[in-house]
Amino acid sequence: MDQSPPDQTSARMPEKPTIEGLEAKWAQVWEEQGVYRFDRTKTREQIYSIDTPPPTVSGALHVGHVFSYTHTDTIARYQRMQGKEVFYPMGWDDNGLPTERRVQNFFGVRCDPSLPYDSSFTPPDEPGKQQLPISRRNFVELCEQLTVEDEKVFEALWRQLGLSVDWTMTYQTIDDNSRAISQRAFLRNLARGEAYQAEAPTLWDVTFRTAVAQAELEDRERDGAYHAVTFHRPDGGVVTIDTTRPELIPACVALVAHPDDERYQPLFGTTVRSPLFGVDVPVVAHPLADPEKGTGAAMVCTFGDLTDVTWWRELDLPTRPIIGWDGRILAEAPGGLESEPARTAYARLAGSTAFTAKQTIVEMLRESGDLVGDVRPVKHPVKFFEKGDKPLEIVTTRQWYLRNGGRDQLLRERLLARGAELRWHPSNMEIRYQNWVSGLNGDWLISRQRFFGVPFPLWYELDANGEPRYDQPLLPEDDQLPIDPQSDTPAGFTEDQRGVAGGFAGDPDVMDTWATSSLSPEIAGKWTIDDDLFQRVFPMDLRPQAHEIIRTWLFSTVVRADAEFGTLPWTDAAISGWILDPDRKKMAKSKGNVVTPAAMLEEHGSDALRYWAASGRPGTDTAFDIGQMKIGRRLAIKILNASKFVFGVGVGPALAFDASAVTEPIDRALLARLADVVEDATRSFDDYNYTRALESAETFFWSFTDDYLELVKERAYGGRGDDAARSARVTLATAMSVIHRLFAPVLPFVTEEVWSWWQEGSIHRTVWPSADDVRAIAGDGDSAVLDAAGRVLSQLRKVKSENKVSMRTELAAARVSGPDAALAERAADDLRASGRIVGDLTFAAGDSDEPGVSVTLAPPDALPAPPALPAPPA
RNA sequence: GGGCGUAUAGCUCAGCGGUAGAGCUCUGGUCUUACAAACCAGCGGUCGGGGGUUCAAGUCCCUCUGCGCCCACCA
């Protein structure tokens with residue numbers, strides 16, 4: 001029998017293994033032993049750093065989170081097993097509008113920046129019907145209070161899912177460090193001229209009353225209508241234009257047509273008079289005017305759309321603004337509408353929303369006879385803020401911008417080159433970056449007229465009239481950061497000078513949430529806060545993220561790192577797909593309740609959910625599939641049972657990788673196959689393809705249990721002597737050791753459990769298996785032997801299955817023919833044992849091209865007594 | 001309108017130049033000294049349509065169609 005010292009494996013193995021409770025058990029051990037704790041004494045080359053996406057904590061948890069975060073975790077675990085010290089922090093995105101809205105609803109308050117801070121303020125127990133106005137600082141305090149609670153829920157979920165995050169290294173996008181780093185980065189952008197202020201037409205959300213950036217836009221199909229409206233020529237003729245926004249007639253500053261459009265060429269340089277308001281406007285030529293659209297002539301307004309802005313800028317037209325920050329028609333008529341009829345007409349519109357104004361003006365046009373024919377309904381794309389529900393207006397405001405190549409060809413080309421330098425997984429995602437950067441039409445607007453966010457860290461002197469002097473902002477000292485210019489005072493001033501002539505005023509705006517998120521590598525790595533740490537982790541290795549925010553998060557992060565460090569922020573970007581849930585409607589309707597990730601984890605188990613997530617290939621949108629979770633659960637249970645069985649035949653850790661003992665061809669064949677699997681899984685993980693790595697391991701494992709284990713079972717028990725048994729046991733021990741580790745990145749709980757039965761220490765801190773090590777003990781192993789023996793075994797089973805007899809039914813004789821015969825013969829004794837062939841087993845190689853196994857079934861009483869089964873080792 | 005992706009068994013998907021694959025479902029069987037929420041076996045596809053390249057095409061090229069996503073100046 002086996003001479004290796006007895007081990008404790010069987011003692012540590014439960015009688016009836018189960019996957020229930022493994023999450024709680026191992027999550028606790030990992031935490032207590034600090035298995036995933038980052039060792040910051042390691043140097044940059046020894047470290048693998050991950051720029052984790054900080055989830056929006058006030059958003060709902062959904063299975064999409066589980067999906068993409070699992071992908072990253074499999075990579076983190078793989079790299080850790082490859083010997084890298086993994087820097088894997090977790091951030092919480094608690095900055096921005098979602099948090100603001102949640103706080104408003106949760107506490108029943110709203111921010112009124114004009115109110116003073118009330119240090120004794122406590123929110124009402126129940127949100128009242130009227131939102132309670134509170135100061136900005138009080139509001140921000142409530143935001144912080146609520147996000148802490150949200151973050152606890154997220155962390156608990158992530159721990160249960162088994163993310164190998166170092167939970168001592170969390171950050172928030174609104175915490176002091178993040179604010180200081182955001183403000184510092186901005187001030188450095190400002191000093192280098194990358195950030196600047198400008199008063200310009202801005203896309204404006206009338207609900208949130210804030211400017212929005214190009215990256216936050218989306219087009220939505222909306223019902224509109226063409227209105228044919230007449231403008232009057234001095235000679236009494238008319239020019240008809242088509243417009244979907246007749247309410248902007250008072251804002252009209254010109255009519256425009258294409259320079260080659262013969263219909264309008266005679267009019268260029270003349271003026272026409274607008275209907276209702278009688279304002280004379282020039283007729284001008286511009287190539288952007290499309291002769292095919294409408295009548296070929298268009299009204300240029302302040303501002304109906306971005307084309308209007310282009311025309312205004314390039315044709316040097318005046319402005320005639322009529323829409324205010326609240327989306328309503330301004331009380332005061334713009335310049336040029338001084339005539340009595342114009343004032344009267346304008347008065348009918350003043351104060352109404354754009355929607356109402358449109359109805360009013362259509363009536364007025366009908367009365368005056370300037371509306372030609374009927375309005376023609378049309379569906380057309382309209383620009384919206386992605387979080388808003390009213391169309392955007394364009395309003396001229398003073399805003400902060402950051403150069404991103406949108407107005408600078410050299411910078412744009414440099415950023416395009418950065419995109420090409422980055423390694424994309426999958427590679428085709430790079431085209432989205434290139435498309436976006438190539439299509440930028442302006443710099444990045446980073447200021448928002450909101451409350452909960454990182455404030456712009458500066459103040460303005462007020463002149464004798466109380467007007468801010470924007471050209472010379474007052475800047476804080478670097479060591480003061482973070483500051484809030486609404487409550488902190490600039491050097492040389494006292495608080496009582498705030499807002500008074502000759503005093504100062506803080507910049508009222510906060511930064512776009514992406515202006516902070518774009519610094520996530522700097523924030524996670526504690527740039528300027530802990531430079532020793534930062535130089536160990538930056539530039540990072542991996543940015544995992546979803547494809548729809550390539551234009552925002554990925555691009556803006558590249559912009560910031562390029563500006564500050566002249567480098568990419570990471571070498572690799574792994575882009576995960578989305579969860580498609582065709583059944584979501586059905587589920588909600590029939591069940592009446594939403595299935596949360598927590599419930600899924602509870603029902604199917606963490607490893608099962610991770611298995612489902614890992615089955616979604618990188619960058620590929622994947623169906624939400626309970627079936628995959630069940631398969632994952634079954635796999636986890638199979639790993640438990642197979643491990644228990646293998647250890648039950650006397651396999652212990654000392655046997656693994658004993659090259660001298662593996663003598664049987666089938667054992668060598670298995671190890672040769674396993675070496676190929678390790679090689680494939682390793683290559684796949686190196687290429688960020690966790691799906692292929694898992695598939696490879698899984699395919700091997702099922703054939704291992706279905707065929708190999710069946711074939712060698714009896715021999716491993718000692719049925720054919722000690723040497724043959726030892727060959728099987730060494731092979732089993734080696735295979736177990738490798739299989740456990742191959743599955744560890746995807747199934748961390750069940751692999752840790754089985755590993756603990758026979759090995760010391762966490763599997764997640766052990767070394768990834770080496771194909772060379774396995775191949776070294778496989779010797780001359782030929783995996784074709786395994787395949788051939790498997791097929792023959794399958795044929796033997798088929799005979800029994802077709803004859804509807806038990807698999808333990810004995811066969812009087814069997815004859816293997818065809819191409820498999822010669823190979824399978826090398827596993828003859830194992831085939832005889834697993835097929836329970838008591839008589840002759842013959843192999844007729846080369847007598848037929850048809851694979852075949854012919855079998856003689858004998859009546860039970862004609863058979864000799866079967867040999868007694870060997871007893872399992874005690 | 002432009003770009004990217006995708007179309008293989010009832011379902012979810014692998015395969016990407018050399019005799020059609022896996023899992024699930026379905027059908028039949030088996031308590032086989034790890035596993036009956038298990039195991040064994042079987043049924044099931046002219047690889048979206050049409051051209052082309054090649055000795056050979058789910059696999060490469062062209063084209064059409066469907067679906068998904070991203071982008072695009074709202075007259």
Side-chain angles (χ1 to χ4, degrees), chain A residues 13 16-17 217-222 224 226-227 229 241-246 248 255-257 288-290 293-301 303-311 378 380-384 391-392 394 426 428-432 434-436 438-439 441 547-548 550-551 577-578 580 612 615-617 619-628 630-631 633-635 637-649 691-692 695 698-699 702 705-706 709-710 713-714 717 793-809 834 836 869-872:
Chain A
M13 216 158 49
K16 191 85 180 160
L217 303 183
E218 63 184 33
D219 283 359
R220 297 182 196 162
E221 279 290 315
R222 280 296 179 269
Y226 281 120
H227 304 71
V229 175
I241 57 106
D242 273 327
T243 179
T244 56
R245 300 203 61 184
L248 293 180
L255 296 192
V256 65
L288 229 42
D290 183 355
K293 270 192 180 173
T295 63
M299 174 169 88
V300 183
C301 304
F303 293 100
D305 60 29
L306 290 173
T307 318
D308 281 349
V309 177
T310 306
W311 283 326
V378 62
H380 62 163
V382 178
K383 287 207 183 308
F384 281 76
L392 291 171
I394 297 172
N428 61 290
M429 289 295 173
E430 182 188 346
I431 195 83
R432 299 193 184 211
Q434 304 291 358
N435 284 347
W436 175 254
S438 303
N441 57 28
H547 51 62
E548 85 281 11
I550 288 173
R551 64 173 176 165
W578 275 17
L580 305 177
W612 159 73
S615 69
R617 278 153 61 232
T620 307
D621 294 342
T622 302
F624 176 73
D625 188 355
I626 300 275
Q628 277 300 107
K630 289 184 173 165
I631 295 164
R633 185 182 174 87
R634 201 173 61 125
L635 174 63
I637 293 170
K638 191 78 172 180
I639 290 171
L640 285 179
N641 284 316
S643 302
K644 174 171 182 270
F645 171 67
V646 167
F647 298 142
V649 300
T691 306
R692 188 184 164 98
E695 269 173 13
E698 190 185 8
T699 303
W702 284 109
T705 59
D706 292 347
L709 276 186
E710 292 300 326
K713 208 180 249 192
E714 191 177 298
Y717 275 127
L793 179 59
S794 202
Q795 289 292 311
L796 295 173
R797 287 168 178 153
K798 184 176 176 180
V799 169
K800 296 180 186 180
S801 190
E802 283 172 348
N803 285 284
K804 305 193 177 188
V805 295
S806 157
M807 287 299 146
R808 63 191 307 187
T809 303
S834 56
R836 293 183 168 260
L869 286 170

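Every chain is numbered from 1 and lettered A, B, ... according to where its sequence line falls, protein lines coming before strand lines. Owing to the predicted nature of the structure, the values given are computational and were not obtained by experimental measurement.
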Categorize A:E710 for me: base, sugar-phosphate, or nothing, with a 4.0 angstrom heavy-atom threshold over every strand shown.
base
Listed nucleotide nearest any side-chain atom of A:N428, set B:C74, B:G15, B:C4
B:C4
Answer with base, sugar-phosphate or nothing: what part of the nucleic acid does A:G294 contact at a heavy-atom distance below 4.0 Å?
nothing
Whether A:D625 side chain and A:G627 backbone form a donor-acceptor pair below 3.5 Å
yes
Could you tell me how far B:G23 sits from B:C62 if I compare only their C1' atoms? Round to whole Å.
36 Å
Could you tell me whether A:R245 contacts a base, only the sugar-phosphate backbone, or nothing, with contacts defined as non-hydrogen atoms closer than 4.0 Å?
nothing
Using the P atom on both, measure B:U59 against B:C16 and round to a whole Å.
13 Å
Expressed as a whole number of angstroms, how long is the span from A:K804:NZ to B:A41:P?
16 Å
Looking across every strand, which nucleic acid part, if any, lies under 4.0 Å from A:K638 by heavy atom: base, sugar-phosphate, or nothing?
base
With a non-hydrogen cut-off below 4.0 angstrom, is A:K293 in contact with a base, only sugar-phosphate, or nothing?
base
Between A:R551 and B:C70, is there a side-chain N or O to OP1/OP2 distance below 4.0 Å?
no
Quick check: any donor-acceptor pair below 3.5 Å linking the side-chain of A:T620 to the base of B:G5?
no
Hey, does A:I550 reach any base, or is it just sugar-phosphate, or nothing, if we go heavy atoms under 4.0 Å?
nothing
Under 4.0 Å between any heavy atoms, over every strand shown, what does A:T705 touch: base, sugar-phosphate, or nothing? Just pick one.
base
Give me the distance, rounded to whole Å, that separates B:A22 from B:A9 when you measure between the C1' atoms they each carry.
11 Å
Regarding A:I241, tell me which of base, sugar-phosphate or nothing describes its non-hydrogen contacts under 4.0 Å with the strands shown.
nothing
Nucleotide of B:U12, B:G68, B:A34 approaching A:N641 most closely (side-chain heavy atoms):
B:A34
Which listed nucleotide (B:U32, B:C71, B:A34) is nearest to the side chain of A:L709?
B:A34
How many whole angstroms separate atom CE of A:M807 from atom C1' of B:C31?
13 Å
Within 45 degrees of the ring normal and closer than 6.0 Å to the centroid, is that where the cationic atom of A:K293 sits relative to A:Y226?
no
Complement of B:C73, any strand, by Watson-Crick or G-U distances under 3.5 angstrom
none
When you measure from the side chain of A:S438 to the backbone of A:N435, do you find a donor-acceptor pair of N or O atoms at a distance under 3.5 Å?
no
Nucleotide of B:U30, B:C74, B:A72 approaching A:D219 most closely (side-chain heavy atoms):
B:A72
Can you tell which of B:A34, B:U30, B:A38 lies closest to the side chain of A:R634?
B:A38
B:C4 OP1/OP2 closer than 4.0 Å to side-chain N/O of A:R432
no
Does the A:K800 side chain pair with the main chain of A:T809, one donor and one acceptor, at a distance under 3.5 Å?
yes
When rounded to the nearest Å, what value does the distance between P atoms of B:G2 and B:C64 take?
11 Å
Out of B:G28, B:A34, B:G68, which has the shortest distance to the side chain of A:K713?
B:A34
Which way is the base of B:G48 turned, syn or anti, if we draw the line at 90° from 0?
anti
How far, in whole Å, is B:G21 from B:U63 if one measures between their C1' atoms?
29 Å
Take the protein atom CH2 of A:W702 and the nucleotide atom C1' of B:C40, then report the distance between them rounded to whole Å.
13 Å
Pick the C1' atom in B:A20 and in B:A57, then give their distance to the nearest Å.
13 Å
Given that both distances must come in under 3.5 Å, which nucleotide forms a Watson-Crick or G-U wobble pair with B:A38?
B:U30
In whole Å, measure the gap between the P atoms of B:C35 and B:G28 for me.
26 Å
Closest approach to the side chain of A:K16, judged atom by atom: which nucleotide of B:A34, B:C73, B:A36 is it?
B:A36
With a 3.5 Å limit on both atom pairs, tell me what B:A20 is paired to, counting Watson-Crick and G-U wobble, or say none.
none
Residue A:N435, side-chain atoms from C-beta onward, closest of B:C74, B:C40, B:G3:
B:G3
Look through every strand shown and name the nucleotide pairing with B:C67 as Watson-Crick or G-U wobble, where both distances are under 3.5 Å.
B:G5
Which is more 5' along RNA chain B, the nucleotide nearest A:K644 or the one nearest A:D706? Just name the residue.
A:K644
Go through B:A34, B:C4, B:C40 for me and flag the one nearest to the A:I431 side chain.
B:C4
Let me spell it out: for each of A:S794 and A:P17, pick the nucleotide of RNA chain B with the closest heavy atom. Which residue's pick is nearer the 5' end?
A:P17
Choose from B:G68, B:C31, B:A41 the nucleotide whose nearest atom is closest to any side-chain atom of A:S806.
B:C31
Looking across every strand, which nucleic acid part, if any, lies under 4.0 Å from A:R633 by heavy atom: base, sugar-phosphate, or nothing?
nothing
Assess the residue pair A:W612 and A:I626 against the criterion (side chain to side chain contact (heavy atoms under 4.5 Å, CB included)); give the C-alpha distance rounded to whole Å, side-chain angles, the decisive distance to 0.1 Å, and a yes or no.
CA-CA 8 Å; A:W612 159 73; A:I626 300 275; over 6 Å; no
Using atom P of each nucleotide, how far apart are B:G3 and B:G42 to the nearest Å?
48 Å
Categorize A:I631 for me: base, sugar-phosphate, or nothing, with a 4.0 angstrom heavy-atom threshold over every strand shown.
sugar-phosphate
